Protein chains: 2
Amino acid sequence: MIIATWNINSVRLRLPLLRQLIQQHRPDVICLQETKVVDELFPVDELQKEGYAHQFFSGMKSYNGVAILSREKLSDTGVHHWCGQRDCRHIAATLRNGLRLHNIYVPAGGYEPDVKKNPKFLHKLNFVEEQEKFWAKQKNKKSMIVGDLNIAPLEHDVWSHAQMKNVVSHTADEILRFTAWQKSAGMVDVMRALIPPAEKLYTWWSYRAPDWEKANRGRRLDHVWMSDDSAGMATRVHVLRDYRAAAQPSDHVPVLLEIE
Amino acid sequence: MIIATWNINSVRLRLPLLRQLIQQHRPDVICLQETKVVDELFPVDELQKEGYAHQFFSGMKSYNGVAILSREKLSDTGVHHWCGQRDCRHIAATLRNGLRLHNIYVPAGGYEPDVKKNPKFLHKLNFVEEQEKFWAKQKNKKSMIVGDLNIAPLEHDVWSHAQMKNVVSHTADEILRFTAWQKSAGMVDVMRALIPPAEKLYTWWSYRAPDWEKANRGRRLDHVWMSDDSAGMATRVHVLRDYRAAAQPSDHVPVLLEIE
DNA sequence: GCCTCCTGGG
DNA sequence: CCCAGGAGGC
């Protein structure tokens, strides 16, 4: 079984590339972030034609938006709200095999890593803290979290640990809360369980760098976590770096997880 | 020798289609309207590579803008201003063969054909009237006017003479002034000299009609006029209707004039 | 409907 | 640099 997660940066604009992903890898489940479309305009028919009869999504105009597409039935679908907002960043569903799947898009956090000056950064930290509290109260059996968590926790999750330490996504504050969340949820970082932490690993490259491929100043912002009791099911992870080089790419690439 | 005129509706966005025009027809001179770009951002280098070493243009941000591209030298280049505005609607240059070429973009005139209610319509009529007076004072030897004149003067310049008679571009007021201008300039309507006036002939189809090709509700808004003493040089005119069916088309198509 | 710029987000 | 939406023009 293959589960994909991808910050697609507009599902409507990226439909051709999404079709390519489907044809090349035939994922059983696809989790999307930043769909940037209200539910009425989500391309339901187009994706049903591609084999995803079961779709659950929560979107809004212009910003955010998450979706779960599945070849098999989804149950107990639900939307989570955070920080008193309804900004379409977190949905969940249970797969046929009983796995509880959470698809999350953490706020990016703006430019300045200062909660006093930058309300977006405050929002990001609060969001992660609320997650930590929520997951601490749950029994997280056979569950997983995927999505754009907008934090690169490890040294080799960024192109330069030293040059990134005051850059939003890799600050000590964020990493501290991120790790606390992961621990409270009892989750394993499956990507790093399958790919050695000493290896550079990125899922995102800025649009702004003209020679992103050569410079390779990437970050691992997209994640796959599995509960302790299910992490053993994961056999392989694929980061589809090529999708960053496609025509009209997203700035994130799809991450594929094979589970047995 | 081939002279092309085309309301390109953004020269930057339409560069691929402009290249196609160049490769298919190799015009010696190209007159563009609605380039929609300030002079600093005009794609000079790209068009030099296509063989147009001599370029003269006058553009502004967002609106209007005219350009003359030529394989051979242009002389006596000049910008004309009308109605007390500097809105980049008229430039002129002299070709190597001595022909004086005017490239004009007449205001569209808005929706309501009423000078009291609609200042854009007033502007259009004033613009044409100023042209009439200007050309009456000139000796117009070996000269031509091309461009988007935004008026379809003849019955078969529109899809329905009856249904268009109160629509801006085909009102009696506009046609009266248009014809007076043409006469004052001593100019021949070369397109209609070469294509019988009884034949429907359009250079523009609205973007808004979804089935423009089938409905075929076009208008002849783009024109080629030559002074009495030079009109005999014109041998053929081509209206490149196919360009309306291209990907990312302009709403106007190129008009090509062959002269000997 | 399509183009422009602008804003706001990344 | 890319994406969405809104306004104004055609």
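Note on naming: letters A, B, ... go to the chains in the order of the sequence lines (proteins, then strands), and numbering restarts at 1 for each one. Because the structure is predicted, anything quoted here is derived from the model rather than measured.
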I'd like a list of close polar pairs between nucleotides 7-9 of chain C and the protein, N/O only, cut-off under 3.5 Å.
none

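Between B/I3 and B/M144 there is a side-chain heavy-atom pair separated by less than 4.5 Å.
Nearest-nucleotide mapping onto DNA chain D: of A/S206 and B/P107, the residue sitting toward the 5' end is A/S206.
A/S58 contributes no side-chain N or O that, together with a main-chain N or O of A/V66, makes up a donor-acceptor pair within less than 3.5 Å. Judged by distance alone, with hydrogens and angles left aside, the side-chain atoms of A/K120 form no donor-acceptor pair with the main-chain N or O of A/A108 at under 3.5 Å.
Partners of A/D87 under the salt bridge (Lys or Arg N to Asp or Glu O under 4.0 Å) rule, at least two apart in sequence or in another chain, are A/R89.
With values rounded to the nearest 0.5 angstrom, B/H123 atom NE2 is found 4.0 Å from B/Q85 atom CD.
A nucleotide of DNA chain D counts as in contact with chain B when one of its atoms lies under 4.0 Å from a heavy atom; the first and last such, 5' to 3', are D/dG9 to D/dC10.
Proximity of the aromatic rings of B/Y243 and B/H252 is defined here by a centroid distance below 6.0 angstrom, and this criterion is not met.
For C/dT4, one of the phosphate oxygens OP1 or OP2 lies less than 4.0 angstrom from a side-chain nitrogen or oxygen of B/S10.
Under 3.5 Å, the side chains of A/R219 and A/S169 contain a donor-acceptor pair of N or O atoms.
Considering A/L17, A/L240, A/V255 in turn, A/L17 is the only one that fulfils the side-chain contact (heavy atoms from CB on, under 4.5 Å) rule with A/W6.
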